[in-house]
Amino acid sequence: MATIDPAPGTLPKPFKPPVVAPGHTPGTVTDKISSVVLRRTPKWWYIGFGVSFLILMVFLVSVSWLLLKGIGVWGVNQPVGWGFAIVNFVWWIGIGHAGTLISAILLLLRQEWRTSINRFAEAMTLFAVACAGMYPILHLGRPWLAYWLFPYPNTMGMWPQFRSPLIWDVFAVSTYATVSALFWYVGLIPDLATLRDRSRKRVAKVIYGFFAMGWRGSAAHWHNYETAYLLLAGLATPLVVSVHTVVSFDFAIGIVPGWHATIFPPYFVAGAIYAGFAMVLTLAIPLRAVFGLQDFITMRHLQNMGKVMLATGLIVVYGYTMEFFFAWYSGNHLERFTFLNRITGPYRYHWFALIFCNAVAPQLLWFRRFRTSPFWLFVISIIVSVGMWLERFVIVITSLHRDFLPSSWGMYKGTMWDWGTYIGTIGLFLSLLFLFIRFLPMISIFEMRTIVPGGQQGGEYTDSPGEQA
Amino acid sequence: MDILNPSKGKCGAEAAAQPEPARLDLETVRERLREKRGNELWRSLDDLAGTPEFQDFLHREFPRFASEAPEEMTKTDGVSRRRFLQLTSASLALAGLTGCTKQPNEAIIPYVKQPEYIVPGRPLFFATTLTHGGYARGVLAESHMGRPTKIEGNPDHPASLGATDVFDQAAVLTLYDPERSQSIVHNGRIGTWGAFVGEAGARLRALEALGGEGVRILTGTITSPTMAAQLQDLLARFPNARWHQWEPAGSHHGRAAAQAAFGQPLETRYDFGAARVVLALDSDVLTRGPGNVRYQRDFARTRRVRKDNLQMSRLYAVESVPTNTGTLADHRLPLPAPEVEVFALALAQALGVVSGGGAGAGDVLADARAKRWLPVIAADLKANAGAALVVADEYASPATQVLVHAINQALGNTGRTVFHTAPVEVIPANGADQVESMRQLVADMNAGRVELLLMLGGVNPLYTAPADLGFTQALQKVDLRVHHGLYEDETSEYCHWHIPAAHELESWGDARSFDGTVSLMQPLIDPLYSGRTAIEILAVLFANRADATSYEVVRDHWKTLLVGDFEAAWKKALHDGLIADIPATQLPPAGASMAGGAAQAAASAMVRSLQQVRQHPGMVTLRLRPDPMVGDGSLAPNPWLQELPKPMTKLTWDNALTVGPAMAERLKLVHEDMAEVTWNGRKVKAAVWVLPGQAEGTAELTLGYGRRRAGRATGLGFDAYPLRTTQALWNLPGAEIRPLGERYSFASTQNHHALESGAEEIPLAGNEAERRELIRTGTLEELRRHPDFIQEEREKPAPDETLYPPVEYKGHAWGMAIDLNVCTGCSSCMIACQAENNIPVVGKEQVLRGREMHWIRVDRYYSGDMDDPRIHNQPVPCMQCENAPCEVVCPVAATSHSDEGLNDMVYNRCVGTRYCSNNCPYKVRRFNFLRYSDRDTPVLALLQNPDVTVRMRGVMEKCTYCVQRIEQAKIESKVENRPIPANRLQTACQQACPTEAIVFGDINDPRWEVTKWKADPLNYGLLEELNTRPRTTYLAKISNPNPALEAEHGDH
Amino acid sequence: MSAHPHHHRPPIYGLMAEFHDSEELIEAAHRTREAGYEHIDAYTPYPIEELAEAIGHHHSKLPLIVLIGGIVGALAGYGLQYWVSVIEYPLNIGGRPLHSWPAFIVPTFEMTILFAAFSAVLGMFFLNGLPQPYHPVFNVPRFALASRDRYFLVIDARDPKFDREGTRRFLSEMNPTEVNEVEH
Amino acid sequence: MQIFHRSTNTIAKVSIFGAVFFIAFFAWIFSTLLRSSYATGQGIVRNQPIPFSHVHHVAGMGIDCRYCHSSVETSSFAGMPPTETCMNCHRQIWTNADMLEPVRSSFATGVPIQWQRVHDLPDFVYFNHSVHVAKGIGCASCHGQVDRMPLLYQEASLQMEWCLSCHRDPGRFVRPKEEVFNLNWQPPADPQEAQALRAKLVKDYKIQSLTSCSTCHR
């Protein structure tokens, strides 16, 4: 992240556009962003939400069938005991990471350009985690007993088995979900107050007011608030790193060749950030166009995110390389066979596709021409998302399908219900996202105020009328 | 899975056919209970039992139950232990629904009069007999409160010695099979016994005047002394009646050969225990045929190498299609089917049994390698004359078998390793040749000379009769056609009457085993489906004993023969399950002197046929053989057998046209291609299986599939019978195979996806297995020179190579050892485990997805040249690792270690993450992806072993070392305050294993056999380098190659 | 911060001066303090660091609360695992020691974070006296702009130096856009 | 402008603070329900075809447990008396009491009597009476003072935690074998003495604490 811009205050160089277009004041920022929420619902929103909701229904149908018949409606088998469910789980969780990263780590690193993207990045985190969180439950043979994974006193006198990475998952993911939610909500409070004061409708005032908790921007409050926000960021940072580390343990702790690797934690975390930023771009690029937020989500943001992707992408590629190197260097026949099987075995096409998506395509980002073209960034970000899904597929399936005893080798293929569940969660994700951009400010208003002229850095004062719709 | 459910349509129809709908029969009971589950089911069965209809039903179906049995009977054979309603009292132990916190209400139903020998909650074992192709095997049936649940071998029975084969184990499932025919059918409608006896009886009385003219009886091979007597009397009273035998997979050529060689259809049996050198000519003698269990046991004992016994016999196998026997061979030579017979000829010449010997010996052979092998083998046989044994395929041409008889005689093996006795089966007046007998029958039928045809004991000629006879058309010309069998089948469809047969576990009877031993059959339960035995039918129809029960008939028969105190002798016989040391029952040993010139004649006959065969090279010989699992097809409806992987192909729910790799290439065929086989203008379609090790020019299609009317088995696989004619029953030279360009998909349990994942998977798997040293091998020579060579190859990490403090197992420490040197891959262990542990059947579609549930499997690896590979079998149960990788990853502690080192699996705690299975290097864990256990069919609940939980959907399961047996043994020892006697506690797989390849026990206690095995230098663990510390270990596979052939291929 | 019922209740809550610039507000806050007012508060659309000092609000107790929360979480987490695996139901899991401390680290860490995060948020609410949906300052209509771009200074009527007229004059001297009385 | 009334301040604060207690309360309710007789069936009298009184037969007539539950020492299942057993006495006494009509008709018709199960374990639990008896665990330890139950009911919860409570420390319940069927046996009053006795029996009967899963689940 060394590539990212210098300390705030220095004049942006010509090729590096500012984080906020000139001419904005706290007032205009406030009005512009809150108006997105407060004005009448645009027709396209209904369309967008409707479509996402339909996809969500696909999810409901698939899950109902799953619960009715049993896990057997999926493609999982012996020896491939884990399939789409775990692949999707890791994929979604990974996507989630960018949000926390942007809002927490970049905050600690004083990267002010984060301000205009952190809010919906965090929302994205929450929704991604919501999607991810369902898979570990759905993939159980007896999902209705999922609560047995939580430690609680019961009539059986039984407790969870704390040596299992799955229990670590339970703790990590639930903590992650909770902390992200808190972080997000705390960040929202002042903006909820803003909406409370801006909205005209009584109902809206009451609802926003209820959640604003009577925030009134007292200096003393701001002081505690800032402290809390910083502390949360400080807690979320190690947390986000731990979460994907733990997810990687699900595999690294196993003895399956192709899973049992010490390099997993770092390269899973990198992969997560990689996937996450890809998703942020995938969402940010259309959003800024639709809502004309180019002023706030500027080329500078897109470029920085492109750079982060390039950097993390390279780390991931390094991870792949090392896996193969270790396999060869360890001299362990089983390891060698597994990785040879990845390239030459029945799933070689998945592997080549993965290499193209995650290693080859992103190299375009070396060139500013692509870094600064929303279109290309969008395309690349999509490719990377696909690539990251393939990565998990390759890790989970190809390692399992030919492990220790050749007699037990098998193949795995997702069924229509696997696909239904996967696509369905995308529907859930989008539906939540649409609701979010409709009813909450997708950019942190109060933080934007601090970075516009007339904000904290002072600057000329422009009077603007009280309320405008 | 409703794989075991009877089709509801059928039941509906029958229910409708009921004269008075108010009355119940088992079908309706089942209908009422169909939607019930687990405990609830039992409750409602009880409720139902109260209703008047049910009482009425009981009176009709189970008269003995309703009105107490005569005291005398209750005492002698304990009929009351088999009363129906007791079955419902199984609720006290019956495994049902798992995982619910609140218990539904249940009922306890005690006896009215409790038989003194029954202790509720403890099983009883009864000696009885099961027959296969007419031949007997003595077994012990385990009975829980009147429900037979498991078959074990009868240790006192010469054909078993305590072991069983797959068919024995499968018998209990057939017993309860809801698809068995359950009521008398008259012209497609429900009939009554009375009406049948009326009609048939009337017809018989009419014919009696004519001395029974027009009466024909068709049975399978009969060895039962009682039935023999019945038939004798019958034919005495009806001199013009005829009795025909047709056993599709019987030893027709064996009989013919004996006839040719000895002038009479003598029985031939072997003593492998006495043989130092064995040559098997295309013969799977170890795992096929009536004597197989005993043969395996005897042979294994000559192969069990230990540090204190470095002796073992040598086995040569010359075969066209790989067999279990072949996998054990020290030298295996693949030759085309006809060439194998030529090899017999060449050997005869080489040994001077027939002319053309001396220098010219072997000239007849086409194959270069065969030429090289012949003298070596001949020499080895000579060297061991008297302790050698040459075995021909019982399906090989009579000529070949005659030559082999001659060879054995020349070598002085006869009387030492080969024995001839008078025929075990009862030979009808019209001769031993069953094919001829069938020809006569059909001729008579066509000529309209048959008025009444009784087909007894489940014969199914419409499916199995030689195709050229036109049995179907002929049958139509018979006025009154009666079929008696366990199932409604192809034949019963064309009969006026179908009489449900009683299962052997429901019947009184007797039969002889391969060595002539008379074995008694006693029922474990009253007929579930109102079946009747052939003995009863004969008695009722021909002996005018209207109310005769087979119990009386059999007992009366033996009354005359059992000398001395009959009651005592009878009780003893029943207790032992066999009638020993009574002269009247012994088979006279035949002075087997070969008819002069018989061998020479056979030789020249073979030379003649050889010329035709050799005329067109590249010609294919199609072998037809009984299927290893469903035999001649009569066992096709048995799901356990259907899902039991066939030893060589690991194929389930299908048969296949197997061809060798080279030939497949030549014929442009790939795995799972559909092909058309043509022979003499007869055509059959079948899918191709490319089988490594199968000789060029040889294809095989097993019988027993493509059933047209067999319930759930209908339409499975491909029917080979249309190709089978009286000219050629077993080997069809000159067959053509032509690709059809269609595809088929086989459900195999090993390397399912040979094509999908690249056809190279099978060789790759084999070579990987070798590379990973899963199966450690060596030769006897190596072992003698260097006893510890296996130990030095081992990569077992030292105890201090781990960070963890070692766990001490004081007291018992259960472990298992498996001797790869004697495992034939017969798969008895798999099905025994299935029966013992309530393992569900999943069906073809699920097997295709790789979800079979067997707790122990037999892995089969090919390595080396796929046309002549090394073939290995390796039984793989749970390794019960001390450092179990599965346990560490379970989030809810559903699998953990017991104090005695068992890797416990707690179904009711399992949430089903399947992480344990992923992390199991041996992939022995099995998951209930769907609701596989059938709880909808009440009668199948009776089959369940009450000591093992029936698993529900979504939970993991696996081999437990039969923990229920361990716990039972421990509890008994505690109650009686004594230690568990060494080697008495056996797992189900161990108990069933014919070769004693599996031992189990307390590895902390030197008295147990397993402890000795584990101390043997051949002992090693699978994937030890992972430091899982498996409790199950293997003894390396040692071969005893002939130094003179070493060069041929490396250690086998 | 809300009115204390026990001592006598002044007629109004206080006086509110509105500024259109953060600089002015900070300036005003300093002067008010210098003038000896204690009970004052300032309202801004976004956090301004100097302002807290300016109105005499120095350091936050929050970090301490979070630290304690974290420690409690850690102890609870590890304690639970130790008790379950070693004391309550000791099971031999794959031959691993009962007290497999390396495995227990992860949940301990997560519990630490969870507890700390909760104490941070709840602590913040507690210290800020939130939730407080009703507050007198909302009675001033212009105060709605406090969440947009206006800056307010409020002197509490309970301040000993407070005097309805004098204080109003004092505030007006700092040329605010407006000075309003804040009703209770 | 004000949106909320003054009171909302208190309400809001109280509800956040109260949430903690609210959750605790629900947890308590839940765990209580799971252990209630609704879930366990404790103390519930099932209606039986015959109102059989253990008080009368055991305390009154002094019939030994094993007279009816004959397989308790040899089998996993304690055994339920066949109709025959009832008739042994009731051929002579109460020969025409209406109450006993079901017994007589059962004996006449051969249709068994259907009792409602009182002690019912889940099907995945394998309990064995014989071994517990052999190790000196008295009937009363699990079944309670049956001789004081006019109509039989389930004394213990029979939940896993209940089983474990004894399996973790069997010494607490062991008694001399000859006292196993004595429903009124009490350990020596003096604590030391009682402790000594337990220690001795545990040693003599080789009693282990078995908490491996396969001890009960198979």
Smallest heavy-atom separation, D:Arg117 atom then B:Ile108 atom, equals CG-CG1, 3.4 Å

Taking C-beta and beyond as the side chain, do B:Ile971 and D:Ser130 meet within less than 4.5 Å on heavy atoms?
yes

Which pair of heavy atoms, one from B:Asp904 and one from D:Cys213, lies closest together, and at what distance?
OD2-N, 3.6 Å

What is the minimum heavy-atom distance between B:Lys974 and D:Gln208, and which atoms define it?
NZ-OE1, 3.5 Å

CD-OG distance between B:Gln964 and D:Ser214, expressed to the nearest 0.5 angstrom:
10.5 Å

Does B:Lys113 qualify as a cation-pi partner of D:Phe107, given the criterion of NZ or CZ under 6.0 Å from the six-membered ring centre and within 45 degrees of its axis?
yes

Which atoms of B:Ser896 come close to chain D, meaning under 4.5 Å heavy atom to heavy atom: side chain ones, backbone ones, both, or neither?
side chain

Are the side chains of B:Asn977 and D:Lys206 in touch, meaning some heavy atoms are under 4.5 Å apart?
yes

So, does B:Arg122 use its side chain to make a donor-acceptor pair with the main chain of D:Thr74 at under 3.5 Å?
yes

Between D:Ile113 and B:Pro110 the two heavy atoms that sit nearest each other are O-CD, 3.0 Å

Donor-acceptor pair, distance only, cut-off 3.5 Å: does the side chain of D:Ser212 make one with the backbone of B:Asp899?
yes

When you measure from the side chain of D:Ser75 to the backbone of B:Pro120, do you find a donor-acceptor pair of N or O atoms at a distance under 3.5 Å?
yes

Tabulate, in ascending numerical order, the residues of residues 55-73 of chain D having at least one heavy atom closer than 4.5 Å to a heavy atom of chain B, or enter 'none'.
D:Ser71, D:Glu73

pair B:Met905-D:Arg218: side-chain heavy atoms closer than 4.5 Å
no

Close side-chain approach of B:Val112 and D:Pro112, heavy atoms under 4.5 Å
yes

Quick one: list whatever passes side-chain contact (heavy atoms from CB on, under 4.5 Å) with D:Glu155, sequence neighbours left out.
D:Met149, D:Tyr153

With distance as the sole test, does D:Tyr126 use its side chain to make a donor-acceptor pair with the main-chain N or O of B:Thr949 at under 3.5 Å?
yes

Does CZ in D:Phe25 sit with more than 12 non-hydrogen atoms of other residues, nucleotides or ligands closer than 6.0 Å?
no

The reported gap from CD in B:Glu967 to CG in D:Asn128 (rounded to nearest 0.5 angstrom) is 9.5 Å

Please report the interatomic distance CG(D:Leu210) to CD(B:Glu900), rounded to the nearest 0.5 Å.
8.0 Å

